[in-house]
Amino acid sequence: MRMMIMFDLPTYSLQDMREYRRFRKFLIENGFIMMQESIYTKLLLNGTSATLMSKQVRKAVPKDGLVQMLVVTEKQFAGMELLTGELNSTYENSDKRYIEL
């Protein structure tokens, strides 16, 4: 499974910038990889781990702005089409399982 976090947070004041940095740092520290600006993905083993991670994300969400979460299967994620731009090779876009040591 893949969890996608998409967000649009205000950056007008210093407090807004702090909240933005804090949320982005939370995502990175918890294994999310930037797919595009303000879109982060994380590979999850099963529905139970998705439920646990969604609870953690809900606790870390800033009070202002828009944050959306989507959980899709690996097969659905691998079916994503690249319409324009260049493929980002920092994440695996395949339903094949692999182990990185």
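Being a predicted model, the structure only gives us computed values, none of them experimental. When a residue number appears, it is its place in the shown sequence, counting from 1.
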Tell me every residue that passes salt bridge (Lys or Arg N to Asp or Glu O under 4.0 Å) with Arg22, counting only those two or more places apart in sequence or in another chain. Glu19

Do the side chains of [Y] and [X] get nearer than 4.5 Å, heavy atoms only?
X	Y	result
Arg18	Gln15	yes
Leu70	Met6	yes
Phe77	Met1	no
Thr73	Gln76	yes
Met17	Tyr12	no
Ile5	Ile39	no

Applying a strict under-4.5 Å side-chain criterion to I, L, V, M, F, W and Y, I'd like to know whether [X] and [Y] cluster together.
X	Y	result
Val61	Leu66	no
Leu44	Leu52	no
Met3	Ile28	yes

Could you grab the distance from atom [atom1] of [X] to atom [atom2] of [Y], nearest 0.5 Å is fine?
X	Y	atom1	atom2	value
Tyr20	Ser38	OH	OG	4.5 Å
Met53	Met69	CE	CE	10.5 Å
Asp64	Thr11	CG	OG1	12.0 Å
Arg21	Asp16	CZ	CG	10.5 Å
Leu43	Arg2	CG	CZ	5.0 Å

What are the two closest non-hydrogen atoms of Pro10 and Gly65, and how far apart are they?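 Answer, listing the atom of Pro10 first, then Gly65: CD-CA, 3.7 Å.
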
For the backbone of Asn30 and the side chain of Lys42, can you confirm whether one donor and one acceptor N or O come within less than 3.5 Å of each other? yes

Check the surroundings of atom CD in Glu37: do more than 12 heavy atoms from other residues, nucleotides or ligands lie under 6.0 Å from it?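 No, because the 6.0 Å sphere around CD of Glu37 holds 12 heavy atoms or fewer from other groups.
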
Specify whether Phe7 and Tyr40 have parallel, tilted or perpendicular ring planes, treating 30° as the upper limit for parallel and 60° as the lower limit for perpendicular.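 Parallel.
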
